[in-house]
Amino acid sequence: MEAQKFKTTINCAGCLAKVTPLLNGVAGEDNWEVDVKNPDKMLTVTADADVSEEAIIKAVNQAGFKAEAVG
């Protein structure tokens with residue numbers, strides 16, 4: 001299970017609360033985290049390989065934020 005990383009605009013606890021239900025639905029609970037202390041607000045997803053980058057980005061966008069795959 002390789003981690004997928006994304007730069008995001010998720011930057012506070014309120015933002016996390018908005019995106020949590022959507023990311024839990026796509027990646028599964030406890031399969032993702034956002035490092036809001038990192039300047040790039042890195043989202044790391046460690047879900048199964050069948051979760052596409054597009055699905056993660058779409059979930060973040062639906063919550064009103066932006067995500068961009070890195071590396």
Side-chain angles (χ1 to χ4, degrees):
M1 172 169 18
E2 188 172 321
Q4 299 178 56
K5 294 192 178 278
F6 303 84
K7 288 183 187 179
T8 73
T9 57
I10 301 166
N11 61 13
C12 67
C15 299
L16 284 171
K18 281 184 175 179
V19 78
T20 293
L22 294 163
L23 283 175
N24 283 351
V26 172
E29 195 171 347
D30 298 326
N31 289 331
W32 62 274
E33 66 179 342
V34 178
D35 182 358
V36 295
K37 294 180 182 177
N38 181 307
D40 290 327
K41 312 302 182 206
M42 294 301 295
L43 164 62
T44 303
V45 179
T46 54
D48 295 330
D50 63 344
V51 178
S52 69
E53 284 183 359
E54 293 80 18
I56 298 297
I57 291 170
K58 183 177 178 182
V60 173
N61 289 343
Q62 285 179 329
F65 304 101
K66 294 181 182 175
E68 174 187 337
V70 293

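Remember, predicted model here, so these are calculated numbers, not experimental data.
Applying the side chain to side chain donor-acceptor pair (under 3.5 Å) rule to pairs touching residues 18-28 yields N24-W32, sequence neighbours excluded.
If you take OG1 on T8 and CG on D35, they are separated by 9.5 Å, rounding to the nearest 0.5 Å.
Heavy-atom minimum distance, V26 versus A59: CG2-CB, 3.8 Å. The two atoms that bring A3 and T46 nearest to each other are CB-CG2, 3.9 Å, heavy atoms only. When all heavy atoms of V19 and V60 are compared, the closest pair comes out as CG2-CA, 4.1 Å.
For K5, the side-chain hydrogen bond (donor to acceptor under 3.5 Å, both in side chains) partners two or more places apart in sequence, or in a different chain, are T44. Applying the side chain to side chain contact (heavy atoms under 4.5 Å, CB included) criterion to N11, with sequence neighbours excluded, gives C15, K41.
Connection of L23 to L16 is established within a shared hydrophobic cluster, with ILVMFWY side chains joined at heavy-atom distances below 4.5 Å, either directly or through further cluster members. Note on V51 and M42: separate hydrophobic clusters, where clusters join Ile, Leu, Val, Met, Phe, Trp and Tyr whose side-chain heavy atoms are under 4.5 Å apart, directly or indirectly.
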Under 3.5 Å, sequence neighbours excluded: what are the donor-acceptor pairs made by side chains of residues 61-71?
from: N61; atom 1: ND2; to: I57; atom 2: O; distance (Å): 3.4

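The hydrophobic side chain of L22 is isolated, with no ILVMFWY side chain under 4.5 Å apart from it.
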